[in-house]
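Each remark here refers to the structure printed beneath this line.
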Number of protein chains: 2
Amino acid sequence: MISQKSKYALKALAVLAREYGKGPMLISEIANQEKIPRTFLELILLELKNQGLLHSRKGRGGGYFLAKPPQSISVGQILRMTGGPLALLPCVSKTAYRRCEECHDERTCGIRLVMKEVRDATAKILDATTLADLVKRGQLAALGRDALEFSI
Amino acid sequence: MISQKSKYALKALAVLAREYGKGPMLISEIANQEKIPRTFLELILLELKNQGLLHSRKGRGGGYFLAKPPQSISVGQILRMTGGPLALLPCVSKTAYRRCEECHDERTCGIRLVMKEVRDATAKILDATTLADLVKRGQLAALGRDALEFSI
DNA sequence: AAATAGTCTAGTAAATCACTTGACTTAATC
DNA sequence: GATTAAGTCAAGTGATTTACTAGACTATTT
């Protein structure tokens, strides 16, 4: 499972992706839209800023905005930045590698081999999916739903 | 990330799979072999027994053994039994579903759609991999390594 | 009866998570 | 240049979960 923090980060960045190019957006506006505790969101956005994913402006008319276009930011990147673990075991994680204390031989551990397979499949999907995709997929789903409601 | 508990369960079951058909095995023997804290392992094996995956015998000559052949027990099953989360978000989990409090509309949430893709890919791998596969892969890897050492 | 093994209920220390508080800085506007 | 609007940052905290341990009990074999 990913943390609330990672989930909030994804939600917030998806909002900023939707509004990309329209100038800065207030923390509180994002927090309201996505029902994220405001002070917690502050921390999260700040951290993403320090990692270069966001820019901000202080003072009146300020706020946050994406540092890069939405199609060049992947979900995988975001999860890694917010400490979200892609791997199911530390011994197959690229960013948070730690060997298993009790493992006799990592190279011949069958469990590890399977978990590595899972990790690679997960990373493939998450690294291929960008914020732009996220927004688009949401919009498509909404259209589909509206069409359905109309047809009833 | 999966819990230590899930990992220990996998390790213990892999040992029992390797010894399948050779009669019961002592908790302490498994614990020693895999360097798992013995009292903790007791809990884990008991739980797996209560879920029907293991049988046990008390008294001298007793111990634990698999209730079914290793090729009919999947890694996915084991993780679900030990509370290990396959999904990265509760809202895409089949066994531990919980809707996201703050989500406006689950059906159109782009994040959820991607996470569902990941969950399905993960489940596909883990449900297709059995204890027998785990053992075999470990043995193959060990062979490969020995062959390599010989050739040097 | 003695020894061997699993069973079961509690409890607990440490870590992590999901936040909150409050003081501070910077920038725009009146 | 004072005021207000905004982000920045360091600490702290309550709740939950994790990863165990302790200890008394039950069943089986010799």
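These numbers were taken from a predicted model, which means no experiment stands behind them. The chains referred to below are lettered A, B, ... by the order of the sequence lines, with proteins before strands, and numbering in each begins at 1.
OP1 or OP2 of D:dC20 lies within a sub-4.0 Å distance of a side-chain N or O belonging to B:Y8. For D:dT8, the OP1/OP2 oxygens have a side-chain nitrogen or oxygen of A:S56 closer than 4.0 Å. Contact annotation: B:S3 does not reach the phosphate of D:dT17 (side-chain N/O to OP1 or OP2, under 4.0 Å). Distances shorter than 4.0 Å separate some side-chain N or O of A:K49 from OP1 or OP2 on D:dT8.
Here the P atom of nucleotide D:dG7 and the CG atom of A:L41 are 10 Å apart, to the nearest Å. Distance B:M1 CE to C:dA15 C1': 15 Å, rounded to the nearest Å. In this entry the distance linking CZ of A:F40 with C1' of C:dT16 reads 12 Å, nearest Å. B:I27 has its CD1 atom 11 Å from the P atom of C:dA5, to the nearest Å. Whole-Å rounding puts the B:E29 CD to C:dA5 C1' distance at 13 Å. Between the CG atom of B:N32 and the C1' atom of C:dA5 there is a distance of 15 Å, given to the nearest Å. The separation between B:Y64 atom OH and D:dT28 atom C1' is 15 Å, rounded to whole Å. Look at CZ on A:R38: it is 8 Å from C1' on D:dA6, rounded to the nearest Å.
Between B:M25 and B:L43, the residue anchored nearer the 5' end of DNA chain C, judged by the nucleotide with its closest heavy atom, is B:M25. Comparing A:L46 and A:R60 against DNA chain D, the residue whose closest nucleotide sits nearer the 5' end is A:R60. Nearer to the 5' terminus of DNA chain C, by closest-nucleotide assignment, is the contact made by B:G63 (compared with the other of A:Q4 and B:G63).
A donor-acceptor pair is defined here as one N or O able to donate and one able to accept, closer than 3.5 Å; no such pair exists between the side chain of A:T129 and the backbone of A:L126. A side-chain donor-acceptor contact under 3.5 Å links B:S72 to the backbone of B:P69. B:H104 places a side-chain N or O within donor-acceptor distance of the main-chain N or O of A:Q33, the cut-off being under 3.5 Å.
Of all nucleotides listed (C:dC8, C:dT26, C:dC19), C:dC8 comes nearest to the side chain of B:N50.
The side-chain contact (heavy atoms from CB on, under 4.5 Å) test with A:I73 singles out one residue from A:L54, A:I78, A:L134, A:T130, and that residue is A:I78. When each of B:V92, B:L89, B:D105 is checked for a side-chain contact (heavy atoms from CB on, under 4.5 Å) with B:R112, only B:V92 meets the rule.
If you check every strand for non-hydrogen atoms under 4.0 Å, B:L45 touches nothing.
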